[in-house]
There are 2 protein chains.
Amino acid sequence: MAVNSIEPLGAATAEEEAYRHIQHGLRTGRYRAGDRLIPEEIATEIGMSRMPVREAFRRLASEGLVVIRPNRGCIVAGLTVDEIYETFEIRSVLEGLAVRLAMPHIDAEVLEELERHLDRMERASQTGSSDWVVRHQAFHLQICQLSNRPKLVRQIASLHVGIEPYLRIWFDYVDKPLSARAEHEILIEVMRSGDAQKAEIVMRDHIVETAPLLADFASPGRR
Amino acid sequence: MAVNSIEPLGAATAEEEAYRHIQHGLRTGRYRAGDRLIPEEIATEIGMSRMPVREAFRRLASEGLVVIRPNRGCIVAGLTVDEIYETFEIRSVLEGLAVRLAMPHIDAEVLEELERHLDRMERASQTGSSDWVVRHQAFHLQICQLSNRPKLVRQIASLHVGIEPYLRIWFDYVDKPLSARAEHEILIEVMRSGDAQKAEIVMRDHIVETAPLLADFASPGRR
DNA sequence: AGATGGATAAGTGGATACACAAATTCAGGT
DNA sequence: ACCTGAATTTGTGTATCCACTTATCCATCT
């Protein structure tokens, strides 16, 4: 009988590998806004032909991470100030929804785990490594996943990827030991209270307040 | 001097044509949930090779409209009941955000135009043609566009495409002259009042209330 | 007769090859 | 010296080709 296999059994395909490779480059800042992504370079780098790379480009493009202009190739899509604000606006309502839907699944154990996420985040911020960004994402996504809404989680995760480079730049710029733990403790607090409506509002505010911090590091004008 | 051309100047590339072709097929129900999409068939049908078609598949997959399983091809992604509800939940917060942000740009002229959209929607519903679905979408997207948030609009539009087949099935199923005009007049009403907060809430409720109507037409279980 | 295993066909994923478009460079003219 | 325009080079977009996986069908065995 056909086994009901969970989707990614090995991430076999070459396109998938190219996709992960490029996304990693985008997140860590190896590929910067405005950079041209040359299929051949990337292909030889990970030992495949241009084809899977180009297919990966399409996916990345439809997630807004790169821009493909006909006959002019693929460039990394930097975010303008407006687009950074827009991304945070969208995140605020999506993650607000997520935390509201997650509330019924919040229990003591979950709250403890979230605390541990904050521990790791704080520790990373002290070492100065921009692992802080990764830990911060993990905290937010953890909450989102409790909503039990796969599409919602995917969309939010995609938005996080888009702003990750700017978070890293910002983190490297500000003087190190800022962990923003207090702001996130507030979230845990309201989740502990059990008030879903309020949790949504707090999450929204939390996210919207973050946007202005990154605005200074936006990419200039139009591509 | 390099002209600052707006993006789609002619929709030149073959991949774009394939993308549009397939998306149209998905929206109108030519390709139904679970159907297999065979690259060669589609390629010959629109007079190109399989490659651009495959690239189009990637984009459609990342928008959730199709599912690509390694070595097993591309099938149309039906929405389960849960996924339909999820889509409407996401739409509710995104379009709620959109209408809130649109409020400063609402004036008498815009309201008139929205009324005309409803006129067309009502007329289409009377003729029984499922143009109603298109008109209904146009009304919602018109509001979203006034928010002046391109990414937000794109995401919402993509969600609309995903549920369009189910709206059409539902429309063909219910007895014809239902236009849902009243429900949408309420939206215009609150927009006229100028209260952005309230407009967001009304939009949210409006959308969430729609979901259960479609639930009966969902695709069965997991792929 | 039903189930199981293997042969065969179909179709996907990936690589190479080729035509064409765009960018760049260099030469000539103003 | 700067601008203009043509040739070259670079790189994209598409087609064809090949290997390999998956599905189908039939024969054989229990």
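The figures that follow rest on heavy atoms only: side chains count, while hydrogens, waters and symmetry mates do not. Just so we're on the same page: letters track the sequence lines, and every chain starts at 1.
- When the nearest nucleotides of DNA chain C are assigned to B:M51 and B:L37 by heavy-atom distance, the more 5′-ward of the two goes with B:L37.
- Here D:dT14 is the nucleotide among D:dT12, D:dT22, D:dT14 with the atom lying nearest to any side-chain atom of B:A14.
- Of the residues near DNA chain C, A:N71 and A:G47, the one whose nearest nucleotide (by heavy atom distance) lies more toward the 5' end is A:G47.
- Taking atom CZ on A:F57 and atom P on D:dG11, their separation rounds to 13 Å, with Å as the unit.
- If you take CD of B:E55 and P of D:dA15, they are 11 Å apart, rounded to a whole angstrom.
- Taking the side chain of B:M48 as heavy atoms from C-beta on, and the options D:dG13, D:dA15, D:dC17, the nearest nucleotide is D:dA15.
- Think of the region where chain A sits on DNA chain C: with heavy atoms and a 4.0 Å cut, that region ends 5' and 3' at C:dG14 to C:dA23.
- Between B:R58 and A:E55 a salt bridge is recorded (basic side-chain N to carboxylate O distance below 4.0 Å).
- Looking at B:E45 and B:R30, a side-chain N of the basic residue comes within less than 4.0 Å of a carboxylate O on the acidic one, giving a salt bridge.
- In this structure, CZ of A:R50 is placed 9 Å from P of D:dG13, rounded to the nearest angstrom.
- For A:H184 and A:H206, the distance between ring centers is under 6.0 angstrom.
- Closest to the side chain of B:T13, out of D:dT12, D:dT22, D:dT14, is D:dT14.
- A distance-only check finds a donor-acceptor pair linking the side chain of A:H105 to the backbone of A:L146 [under 3.5 Å].
- Residue B:L141 comes nearest to B:H160 through the heavy atom pair CD2-CD2, 4.1 Å, listed as atom of the first residue, atom of the second, then distance.
- When the P atom of D:dT14 is taken as reference, atom CD of B:E16 falls 11 Å away, rounded to whole Å.
- As a whole-Å value, the separation of B:E17 CD from D:dT14 C1' is 13 Å.
- Under a 4.0 Å N-O distance rule, the pair A:E86/B:R149 does not qualify as a salt bridge.
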